[in-house]
**Student:** 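This is the structure, below, for whatever I ask next.
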Protein chains: 2
Amino acid sequence: MSGPEGASLPTSRRQQIIEVAAGLFAERGFHGVSIYDLGAAMGTSGAALYKHFASKDALLGAMLVDISERLLSEGQQRADAAAEEGPDVVLAALIAWHVEFALTHPALITVQLRDLASLSEEDRKTVRRLQRRYVELWVDAVSAAVGADEAHARSAAHAVFGMINSTPHSALLGRDDMAGQLQRMAHAALHACRS
Amino acid sequence: MSGPEGASLPTSRRQQIIEVAAGLFAERGFHGVSIYDLGAAMGTSGAALYKHFASKDALLGAMLVDISERLLSEGQQRADAAAEEGPDVVLAALIAWHVEFALTHPALITVQLRDLASLSEEDRKTVRRLQRRYVELWVDAVSAAVGADEAHARSAAHAVFGMINSTPHSALLGRDDMAGQLQRMAHAALHACRS
DNA sequence: TCGATAACTGAGACGAGGTTAACAAACGAT
DNA sequence: ATCGTTTGTTAACCTCGTCTCAGTTATCGA
């Protein structure tokens with residue numbers, strides 16, 4: 001057992017860098033932020049980054065893999081917890097969770113939407129795999145709740161992701177008000193998805 | 001007068017470059033595509049670009065200003081044409097137009113969402129101004145059709161843009177089916193936007 | 001006091017990519 | 001035939017950004 005190489009301990013500093021980087025990447029895009037910028041935002045030189053991440057790409061990888069895992073595991077948990085109360089409650093739980101996440105971490109949402117293509121082959125595969133499982137959660141819930149076939153449920157789920165994930169770009173209206181509106185709109189949209 | 005500097009004549013070759021570039025930018029992002037890549041896709045060298053655009057940034061600018069203008073002018077036209085038939089018809093016309101555009105030009109939608117930050121100061125202002133006017137079109141229509149106050153209508157409009165603009169990432173389901181579903185979902189979502 | 005570890009600095013190698021310059025070929029109009 | 005326009009080529013330039021490396025400071029437990 002040696003250093004901070006394992007992905008287990010947050011090491012505080014690593015996490016701190018990820019959070020600052022998320023803000024900058026969301027503003028200017030991954031390629032629009034240099035190592036120097038990153039260091040400046042941390043109050044250090046640019047080179048200091050390499051004590052914590054193998055490369056700039058690895059930093060982005062850690063960021064996106066982390067949020068994909070959080071979205072999935074918490075979504076899974078909440079869906080399971082609501083399972084007994086019927087499909088409508090499961091769907092409501094998923095919607096509430098995604099809305100909460102998007103409103104709490106707008107920067108992460110922005111980066112995941114925009115800079116997924118800048119990921120290394122391996123990290124991209126990991127993120128895609130996690131995202132796919134998260135989508136499955138939704139597809140099952142939508143199918144069960146509104147009685148749509150799989151193809152329609154899937155495209156409807158993607159559409160609702162697009163809707164909820166767009167909040168970083170608007171974000172007027174105050175958090176609670178916004179959350180309520182998004183949830184109402186998501187429910188209405190999903191119930192209108194079958195032909 | 002002289003050369004191809006005026007924004008009036010499409011010059012064919014310019015437009016051709018813009019279309020090819022849109023595809024590449026959508027795939028890999030503006031910074032992920034080099035001048036060399038661009039030339040290769042056109043069957044020329046990279047430097048040939050500079051006979052048609054002052055810079056790589058100017059190419060992106062022409063692309064984004066153009067789609068913003070098209071979205072607005074056609075939206076304006078269709079809204080005006082439907083005005084006599086009442087607010088519901090106006091809203092339906094806007095939804096139909098946006099869905100049609102997003103399904104026809106997925107690459108342009110992707111680039112406009114992702115690479116707006118890479119624009120020069122001046123071009124960004126121009127695009128923002130056009131977008132703002134387009135949003136106004138929607139805010140008015142939503143307010144009139146569903147009786148929401150301006151703030152709610154505005155954030156609802158942004159949310160629906162997010163939903164419709166997400167189609168480039170999913171795009172299963174066949175065009176007509178997809179168009180129908182998106183329109184139904186958009187209507188339902190907008191009618192659920194008031195508290 | 002000493003050594004280990006974490007965190008950082010400054011300088012520079014290195015490559016990638018945007019841009020420019022000088023030159024060439026096709027082509028229509030006078 | 002010749003001129004101008006359009007479009008393209010090759011080669012070089014130059015800036016910018018990533019990453020490496022050798023050395024530095026600070027903290028902390030033994």
Side-chain angles (χ1 to χ4, degrees), chain A residues 1-21 24-25 27-63 111 115 117-123, chain B residues 1-22 24-25 27-64 111 115 117-123:
Chain A
M1 339 281 163
S2 52
E5 280 307 345
S8 46
L9 302 180
T11 319
S12 179
R13 193 58 173 158
R14 258 179 83 96
Q15 202 54 38
Q16 205 178 338
I17 293 175
I18 288 181
E19 281 161 23
V20 169
L24 293 181
F25 290 171
E27 267 180 40
R28 299 180 239 160
F30 179 70
H31 291 289
V33 178
S34 71
I35 290 294
Y36 177 88
D37 295 334
L38 231 31
M42 295 293 303
T44 70
S45 73
L49 177 92
Y50 291 88
K51 294 295 172 183
H52 305 278
F53 296 94
S55 66
K56 194 188 171 194
D57 288 330
L59 163 60
L60 181 66
M63 186 186 303
V111 176
D115 294 316
S118 304
L119 237 41
S120 74
E121 191 68 23
E122 192 184 337
D123 284 335
Chain B
M1 307 312 159
S2 56
E5 281 306 343
S8 46
L9 302 181
T11 319
S12 178
R13 191 59 172 157
R14 259 179 83 97
Q15 201 56 37
Q16 204 179 338
I17 293 175
I18 288 180
E19 281 161 23
V20 169
L24 293 180
F25 290 171
E27 268 180 41
R28 298 180 240 160
F30 178 70
H31 290 290
V33 178
S34 71
I35 290 294
Y36 177 86
D37 296 334
L38 231 32
M42 296 293 303
T44 70
S45 74
L49 178 93
Y50 291 87
K51 295 297 173 180
H52 304 277
F53 296 94
S55 67
K56 195 189 171 195
D57 288 330
L59 162 59
L60 182 66
M63 188 186 302
L64 296 193
V111 175
D115 295 315
S118 303
L119 237 42
S120 74
E121 191 67 24
E122 192 184 336
D123 284 336

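Letters A, B, ... are given to chains in the order of the sequence lines, protein chains preceding strands, and every chain is numbered from 1. Heavy atoms only: backbone and side chains are in, while hydrogens, waters and symmetry mates are out.
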**Student:** Using atom NZ of A:K56 as one end and atom C1' of C:dA16 as the other, report the distance to the nearest whole Å.
**Tutor:** 13 Å

**Student:** If I take atom CD in residue A:Q15 and atom P in nucleotide C:dA6, what distance separates them, rounded to the nearest angstrom?
**Tutor:**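 Rounded to the whole Å, the gap is 18 Å.
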
**Student:** With respect to the side chain of A:T44, which nucleotide from C:dT9, D:dG8, D:dC19 is positioned closest?
**Tutor:** C:dT9

**Student:** In whole angstrom, what separates B:I17's CD1 from D:dG8's P?
**Tutor:**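 Result: 7 Å.
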
**Student:** Please report the distance, rounded to the nearest Å, between NE2 in B:H31 and P in D:dT18.
**Tutor:**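 From B:H31 NE2 to D:dT18 P: 11 Å.
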
**Student:** Of all the choices, D:dT10, C:dG17, D:dG8, which nucleotide is nearest to the side chain of B:A47 once you look at every atom?
**Tutor:** D:dT10

**Student:** Nearest-Å distance, CD1 (B:I35) to C1' (D:dT10)?
**Tutor:**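 So the two atoms are 16 Å apart, to the nearest Å.
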
**Student:** On DNA chain D, check which nucleotide each of B:G46 and A:D37 is closest to and give me the residue with the more 5' one.
**Tutor:** B:G46

**Student:** Specify the separation, in whole Å, of atom CG of B:L60 and atom P of C:dG18.
**Tutor:** 12 Å

**Student:** Contact between B:L60 and B:V111 at the side-chain level, heavy atoms closer than 4.5 Å - yes or no?
**Tutor:**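 Contact flag for B:L60/B:V111 side chains = yes.
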
**Student:** Taking C-beta and beyond as the side chain, do B:M42 and B:R13 meet within less than 4.5 Å on heavy atoms?
**Tutor:**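 B:M42 reaches B:R13 side chain to side chain.
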
**Student:** C:dC8 phosphate, OP1 or OP2: any side-chain N/O from A:S45 under 4.0 angstrom?
**Tutor:**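 So the side chain of A:S45 is outside the cut-off, no N or O lying under 4.0 Å from OP1 or OP2 of C:dC8.
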
**Student:** How long is the line joining CZ of B:F30 and P of C:dG17, in whole Å?
**Tutor:**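 It is 13 Å, rounded to the nearest whole Å.
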
**Student:** For A:Y36, I'd like to know if atom OH has over 12 heavy atoms of other residues, nucleotides or ligands within 6.0 Å.
**Tutor:** no

**Student:** Please check: side-chain N/O of A:R28 versus main-chain N/O of B:A117, any donor-acceptor pairing under 3.5 Å?
**Tutor:** no

**Student:** Is there a donor N/O on one and an acceptor N/O on the other, under 3.5 Å, for the side chain of B:K51 and the base of D:dG8?
**Tutor:** yes

**Student:** Choose from C:dC8, C:dT19, D:dC19 the nucleotide whose nearest atom is closest to any side-chain atom of A:A48.
**Tutor:** C:dC8

**Student:** Between A:H52 and C:dC8, is there a side-chain N or O to OP1/OP2 distance below 4.0 Å?
**Tutor:** yes

**Student:** Tell me: CE of B:M42 to C1' of D:dT7, nearest whole Å?
**Tutor:** 11 Å

**Student:** Side-chain N or O of B:Y50 versus OP1/OP2 of C:dT19: is the shortest distance under 4.0 Å?
**Tutor:** yes

**Student:** Any donor-acceptor pair under 3.5 Å linking the side chain of A:K56 with the backbone of A:F30?
**Tutor:**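 Yes, A:K56 side chain to A:F30 backbone: donor-acceptor pair under 3.5 Å.
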
